[in-house]
Amino acid sequence: MKKKQGENPKIIVFCCNWSVNPGLRLSVFPDEEETTFKTIVTMCCGRVGPELILEAFTRGAWGVMLAGCPPEECEHDGNYKARKRVLLIKKTLEQFNIEPERVALEWFSTGESDKLKKSVETFIEKIVEYGPLELSS
Amino acid sequence: MAKPKVAFYWNASCGGCEEAVVDLAEDILKVVEAVDIIFWPVALDFKRSDIEAMDDGEIAVSFINGAIRTEEQEEMVKLLRRKSGLVVAFGSCAHIGGIPGLANFWNRDTIFERAYKEVPSVENPEGIFPRTETQLGNESLTLPEFHNTVRTLGQVIDVDYYLPGCAPPPESIMDAVTAILEGKLPEKGTVLAPDKSLCDTCPRTESKPEKISIKEIKRPHEITPDPEKCFLEEGIICLGPATRSGCGERCINANMPCRGCFGPITGVGDHGARSLSFIASILGLEDEKKMTEEDVQGLIDKIADPAGLFYMYSLPSSLLKRRKMV
């Protein structure tokens, strides 16, 4: 499914407050740059439960990315939990006929906001090919 | 003084909820003494027209089991809602969708195709499927419409209370009936079962280790579970942590893990997603730092049917509600 005319991809990025988010804020603040995605700050990517990801989809998100700290850089080991959850949710989404690629987990260290922006751009390019997620009722 | 009028009705269900009422055994005599059962299709010969002839609100309480699958069920529950002071969603299917709700991984067309054509015991070369209207000479025969999506009772009508379980245990049915008769009812919308997780009341909780790490997923038929050990400790997926207690631990005592029929505890929006979450957290917990993505994938691949397992009872009440159809 291609992107519908006049419709912008709705992408949610859950961003860890303790690593990549502060840098990202500085790089886009104060609204100098319009991002094509929305960030939701979390206290740890391990705190982003599958319910939040599914809720994003039911509220119209085309894709959801979790931006977490790389292995060994998370103080709570939440990134390891997030990795397991994301892989399991991808397998579950397939059974719902939802492309598993609509959920992504990427690692970013403090100060890697450029890398984040590039990753998100690549993610968006892929998601735009899928288009909006039209759930059945 | 006239006795309060009570109705029982069934929708997309298996009949187990009717059985649960019969399982009240001698207690059913106390119920019959206190109330007039004016409608109960499985046991009494009253008709829809009898209900239609009643005043609005005349029935004190309707206990309605089953999920909503057809147009007829929708009409009946709307009628009962109008005629009843209280409506209690009785059992898992009415409460959260139940086993009939698993049909939401398909839709009307795919279900008809399977049930009326593909099944090996069916011969239907002309591809005749149920229709809402069939002309037979001068007569027109009708069937209720079969909806694409199974819904919970609460998604179709306003529900006052939920009595969970597949089926609700006789004790909780009696507790609910007594509370209604004595007018000691909790806040509207309450699930009439304890607000704690099954793990809190599980007989195996004493021996449960502080930290559980699942090294390998096992399915119940693959091993003989130790009747003293927590299922999760043995690698068998049990939905106890996210599921409401009150069932009497019937499955656990039969050495089977919880499949979630009592639905989620308060605060859990999506029973399946929450279950998926805690299972993922304890999967290979001990070695999670050493694991590669392939290792994690290998562990996850052992869960043959995650959607069917985590949403076994709650698919229609989940966030996604159903599979996306093309």
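Throughout, a chain's letter reflects where its sequence line sits, starting with A, and its residues are numbered from 1. Note that this is a predicted model, so its numbers are computed, not measured.
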Measuring heavy-atom distances to chain A, does [X] have an atom under 4.5 Å in its side chain, in its backbone, in both, or in neither?
| X | value |
| --- | --- |
| N107(B) | neither |
| L285(B) | both |
| S277(B) | both |
| N104(B) | neither |
| K321(B) | neither |

Please check if atom [atom1] in [X] has more than 12 non-hydrogen atoms from other residues, nucleotides or ligands closer than 6.0 Å.
| X | atom1 | result |
| --- | --- | --- |
| R47(A) | CZ | no |
| F129(B) | CZ | yes |
| E293(B) | CD | no |

[X] versus chain B, the contacting section by heavy-atom distance below 4.5 Å:
| X | answer |
| --- | --- |
| I53(A) | neither |
| E72(A) | neither |
| N79(A) | neither |

With heavy-atom distances below 4.5 Å as the criterion, would you say the side chains of [X] and [Y] are in contact?
| X | Y | result |
| --- | --- | --- |
| D270(B) | E55(A) | no |
| R274(B) | E51(A) | yes |
| T92(A) | I303(B) | no |

### Task
Apply side chain to side chain contact (heavy atoms under 4.5 Å, CB included) to the pair L93(A) and L320(B), showing each step before the final yes or no.
CA-CA 10 Å; L93(A) 285 178; L320(B) 295 173; 4.1 Å; yes

What distance do [X] atom [atom1] and [Y] atom [atom2] have between them, rounded to the nearest 0.5 Å?
| X | Y | atom1 | atom2 | value |
| --- | --- | --- | --- | --- |
| M325(B) | E134(A) | CE | CD | 15.0 Å |
| D77(A) | S281(B) | CG | OG | 12.0 Å |
| L319(B) | F96(A) | CG | CZ | 9.5 Å |
| I89(A) | L276(B) | CD1 | CG | 6.0 Å |

Check for a donor-acceptor pair, side chain of [X] on one end and backbone N or O of [Y] on the other, with a separation under 3.5 Å.
| X | Y | result |
| --- | --- | --- |
| N97(A) | K324(B) | yes |
| K91(A) | P306(B) | no |
| E288(B) | Y80(A) | no |
| R323(B) | Q95(A) | yes |

### Message
Which one wins on heavy-atom pair count under 4.5 Å against chain B: K90(A), K84(A), R85(A), E94(A)?
### Response
K84(A)

### Query
If you count heavy-atom pairs under 4.5 Å between each of D305(B), I279(B), N148(B) and chain A, which one has the most?
D305(B)

#### Entry: Winner by heavy-atom pair count (cut-off under 4.5 Å) against chain A, out of G272(B), G308(B), G269(B), A273(B)
A273(B)

#### Entry: Contact residues of residues 257-264 of chain B (partner chain A; heavy-atom separation under 4.5 angstrom)
none

### Nearest non-hydrogen partners of S137(A) and T149(B), listed with the distance
O-OG1, 3.0 Å

